[in-house]
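The structure appears below as structure tokens.
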Number of protein chains: 4
Amino acid sequence: MVKVTVWNENRHENKNPLVRSVYPTGIHGAIAEFLRQESFEVRTATLDEPEHGLTDEVLNNTNVLIWWGHTAHEEVRDEVVEKVRLRVLDGMGLVVLHSGHFSKVFKKLMGTTCDLKWRDTGEKERLWVVNPGHPIASGVGEFIELEKEEMYGEHFDIPTPDELVFVSWFEGGEVFRSGCTYTRGNGKVFYFRPGHETFPTYYNADIQRVIANAVNWAKPVERNRPVYGNAKSLEKISSK
Amino acid sequence: MVKVTVWNENRHENKNPLVRSVYPTGIHGAIAEFLRQESFEVRTATLDEPEHGLTDEVLNNTNVLIWWGHTAHEEVRDEVVEKVRLRVLDGMGLVVLHSGHFSKVFKKLMGTTCDLKWRDTGEKERLWVVNPGHPIASGVGEFIELEKEEMYGEHFDIPTPDELVFVSWFEGGEVFRSGCTYTRGNGKVFYFRPGHETFPTYYNADIQRVIANAVNWAKPVERNRPVYGNAKSLEKISSK
Amino acid sequence: MVKVTVWNENRHENKNPLVRSVYPTGIHGAIAEFLRQESFEVRTATLDEPEHGLTDEVLNNTNVLIWWGHTAHEEVRDEVVEKVRLRVLDGMGLVVLHSGHFSKVFKKLMGTTCDLKWRDTGEKERLWVVNPGHPIASGVGEFIELEKEEMYGEHFDIPTPDELVFVSWFEGGEVFRSGCTYTRGNGKVFYFRPGHETFPTYYNADIQRVIANAVNWAKPVERNRPVYGNAKSLEKISSK
Amino acid sequence: MVKVTVWNENRHENKNPLVRSVYPTGIHGAIAEFLRQESFEVRTATLDEPEHGLTDEVLNNTNVLIWWGHTAHEEVRDEVVEKVRLRVLDGMGLVVLHSGHFSKVFKKLMGTTCDLKWRDTGEKERLWVVNPGHPIASGVGEFIELEKEEMYGEHFDIPTPDELVFVSWFEGGEVFRSGCTYTRGNGKVFYFRPGHETFPTYYNADIQRVIANAVNWAKPVERNRPVYGNAKSLEKISSK
């Protein structure tokens with residue numbers, strides 16, 4: 001059974017009644033709830049827990065980590081960020097949601113600024129599937145429509161994705177590469193754009209399907225990690 | 001349960017006693033046997049059956065097609081080739097083995113000559129995993145070593161693979177991109193290099209693991225196919 | 001000096017007074033005119049010339065071929081298509097414009113249907129640069145805006161592009177991967193979406209800049225072609 | 001004229017007489033010399049200069065930076081590393097050579113460990129061209145052969161390259177992705193494997209050709225950088 005940890009900053013929910021009314025159990029609570037219906041083994045972790053809830057014990061027992069953060073990226077301690085990064089390189093899957101594009105861990109794994117255009121007045125987003133055979137798009141129609149979302153626009157300063165699964169159309173005139181896969185070390189990373197805290201995006205059945213698909217796609221493979229460093233030759237070297 | 005059809009030209013086995021001694025039930029028989037142990041639903045089809053064994057009924061009930069051909073590529077009828085190509089675009093997975101690089105169906109799906117260097121005197125091949133997190137490499141060590149194989153060398157005239165999983169080292173001094181994935185329409189294609197008819201390659205446990213992994217990777221997703229053609233606008237067009 | 005041949009079907013211009021009024025010297029004439037200002041060596045060729053204007057002499061003296069076709073794809077003779085394809089594999093650059101997505105030569109090089117959604121009522125298109133360091137986007141702002149264009153929408157049934165340079169936003173609600181690069185053999189291919197025959201798109205300075213950039217990007221490199229076929233070993237093979 | 005800065009750690013040359021005998025003007029001196037013959041504007045910079053020779057003035061006047069380091073990666077100051085990274089994101093090309101795979105700047109741009117297998121006893125390397133139409137391979141034959149080099153072997157822990165240009169064969173039985181391109185922000189990065197300090201690799205004409213090609217490939221394009229942050233809508237948003 002795939003072990004999933006849903007990490008959430010959990011600040012907007014505590015400070016903003018509007019957000020709390022949308023996500024009474026927190027964004028992590030809402031995500032955990034629908035993932036549990038997929039028969040994953042799900043736990044949650046939040047910023048204000050000790051070690052942000054990401055102890056060695058938790059990380060070593062996580063196959064796929066889901067990350068939502070926004071207002072407090074800088075409060076995430078560097079040693080926790082580095083632990084998460086190393087776990088990804090070791091094989092743990094990572095699903096980065098929405099404003100997580102600016103999280104320390106995503107930026108460190110990407111190497112770029114991960115900057116973008118944004119506008120949070122609420123407008124229509126339509127996520128088009130551009131890779132219909134990809135398992136992350138399984139069960140989804142030609143597009144997913146969200147009546148109200150924050151806009152994220154190009155240029156999105158990310159490395160070229162290994163695979164591009166979704167491209168968003170925004171009412172205000174922008175486009176965005178909104179579903180992107182990456183390989184980092186032995187780990188797989190999926191960035192998925194939607195999910196502003198004031199809109200009920202994570203209750204949308206298609207969005208839930210994509211996140212559940214992403215968990216299945218990102219889970220580690222069964223194999224020993226590569227060996228690095230000084231290596232004896234496998235063949236005779238003639239010159240010696 | 002994934003439905004697999006193993007297609008084999010099955011000519012070497014009938015004409016060359018050496019090949020028949022290596023593969024008494026044919027290359028298709030050997031491949032079908034180990035795939036059945038994975039609890040796939042497996043059938044075989046060969047060139048000399050009516051419609052090459054690839055009737056509409058067979059193709060429509062195949063989730064993943066495995067293809068081995070060599071000496072008789074030209075005898076595969078164009079209408080069957082086109083049917084297979086359309087099934088791939090419709091979502092059927094395709095695993096092309098070894099000399100299948102020159103099959104009509106692979107060349108049509110690639111658009112290039114698919115030419116390469118070769119030498120069939122039997123030499124050591126070592127397939128290195130260059131994408132350790134890829135599900136097709138699951139359960140395999142850092143490399144797969146084959147004591148005797150035909151050499152295929154670069155330049156391999158294929159489109160840039162979507163993903164490169166294996167790179168081969170050959171004793172005679174060449175390298176080869178020997179595990180390559182592609183997306184074509186709704187279908188997934190995996191090319192896997194090893195398997196010359198005079199060597200017992202398909203009895204190698206690692207080679208069997210890779211082919212079984214590839215079947216799981218290439219199986220179709222559950223979704224409706226995209227709609228093409230004239231489309232009504234989803235939004236009001238201001239100028240009209 | 002880069003030798004460019006601009007190929008155009010040239011049928012709409014002869015049959016439709018509206019198109020002729022937009023492009024009095026043909027689409028090929030308009031494209032050739034701005035390319036000549038870049039100090040390329042430019043010639044044109046059209047469907048109704050002998051061999052469609054693409055004789056061996058012309059093709060062998062073309063570094064980059066530009067292709068516009070729409071209503072008469074089926075009239076392009078298969079042997080000319082195959083000659084063009086082989087020249088691309090041999091290193092000739094190919095820039096496919098707009099409705100050329102359905103040309104025989106593009107479909108053969110891609111291996112897929114190259115199908116898409118379309119609507120030709122005229123609406124706003126905004127092409128966003130998603131790869132700002134790419135030479136094909138040199139000299140262009142964050143986006144190119146076209147007041148009236150035909151819509152092309154996803155899913156666009158092409159292989160995963162090697163590089164994605166532009167993504168289009170359409171007023172009617174669709175997106176499109178509108179600037180895509182491919183490698184095929186020794187040749188480079190660029191697909192660029194805009195250019196419906198009833199709109200003055202090829203007079204737009206940004207569109208002209210992209211096409212000129214694409215010619216420079218697609219020109220062949222200076223090197224001998226790879227050698228294919230049976231190869232002697234470069235190293236001693238121990239087992240022999 | 002492209003402005004190139006060749007950066008070298010320049011420690012082996014000062015401490016090891018063997019290295020000094022191979023590169024009497026330093027590795028930077030040898031690289032600068034052949035690049036000057038390409039009519040680039042070339043300067044050099046080394047670790048022990050103030051600010052490692054990479055002042056704002058130097059970096060702002062560098063179109064392409066070449067990087068060689070090995071024994072003193074940790075001595076490169078973090079603020080210089082960050083300046084170089086930001087210049088790459090801003091458009092400066094970066095060519096990372098050999099042991100530079102472990103440089104701070106390459107690791108920060110990649111996000112991974114950049115680890116690999118190695119063996120420095122001196123053995124034959126053969127770099128095969130796997131992308132014959134790529135401008136970085138222009139003027140080079142099917143492979144480049146180096147009689148004595150350090151071995152670097154897979155798995156090479158890098159993100160999937162945007163483009164793979166060379167794959168190395170090593171006498172001792174390994175392979176390596178030895179010519180890899182990346183896009184980071186507005187900048188282009190090329191990693192090129194050869195160049196151990198005790199071997200005369202940078203005097204090899206093919207190696208020189210590749211590095212000069214890489215400079216031309218990596219030079220910035222002419223365009224304004226994208227705008228990030230809060231953005232006004234380009235279209236009317238119906239719901240407001």
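Just so we're on the same page: letters track the sequence lines, and every chain starts at 1. All values below come from the heavy atoms of this structure, side chains included, with hydrogens, waters and symmetry mates left out.
One side chain, B/D162 or B/T183, offers a donor N or O that lies under 3.5 Å from an acceptor on the other.
Looking only at distances, no side-chain donor or acceptor of B/Y191 sits under 3.5 Å from a matching main-chain atom of B/I158.
Geometric assessment of B/R193 against the ring of B/Y152 yields a positive cation-pi assignment under the 6.0 Å and 45° thresholds.
Heavy atoms of B/V129 lying under 4.5 Å from chain A belong exclusively to its side chain. For a residue to count as touching a neighbouring chain, one of its non-hydrogen atoms must lie under 4.5 Å from one of that chain's; by this rule A/W128 touches chain B with the side chain only. Using a 4.5 Å cut-off between heavy atoms, B/E235 touches chain A through its side chain atoms alone. Contacts between B/N131 and chain A at a heavy-atom distance below 4.5 Å involve the side chain alone, from C-beta outward. Neither the backbone nor the side chain of B/P220 comes within contact range of chain A; no heavy atoms are under 4.5 Å apart.
For the set B/H134, B/E145, B/K188, the entry with the most heavy-atom pairs within less than 4.5 Å of chain A is B/K188. Comparing B/N224, B/N213, B/V227 by how many heavy-atom pairs each has under 4.5 Å with chain A, the most go to B/V227. Considering only heavy-atom pairs separated by less than 4.5 Å from chain B, the leading option among A/G187, A/A137, A/G91 is A/A137. Counting heavy-atom pairs under 4.5 Å between each of A/K219, A/E163, A/R184, A/E222 and chain B puts A/E222 at the top.
You'll find the side chain of B/V84 stays beyond 4.5 Å of the side chain of B/W7, heavy atoms only. Within the 4.5 Å cutoff, the side chain of B/I66 has heavy atoms near those of the B/V215 side chain.
Ring pair B/H101/B/F156 is perpendicular by interplanar angle, where above 60° counts as perpendicular and below 30° as parallel.
In this structure, B/F34 has its ring center at least 6.0 angstrom away from the ring center of B/Y202.
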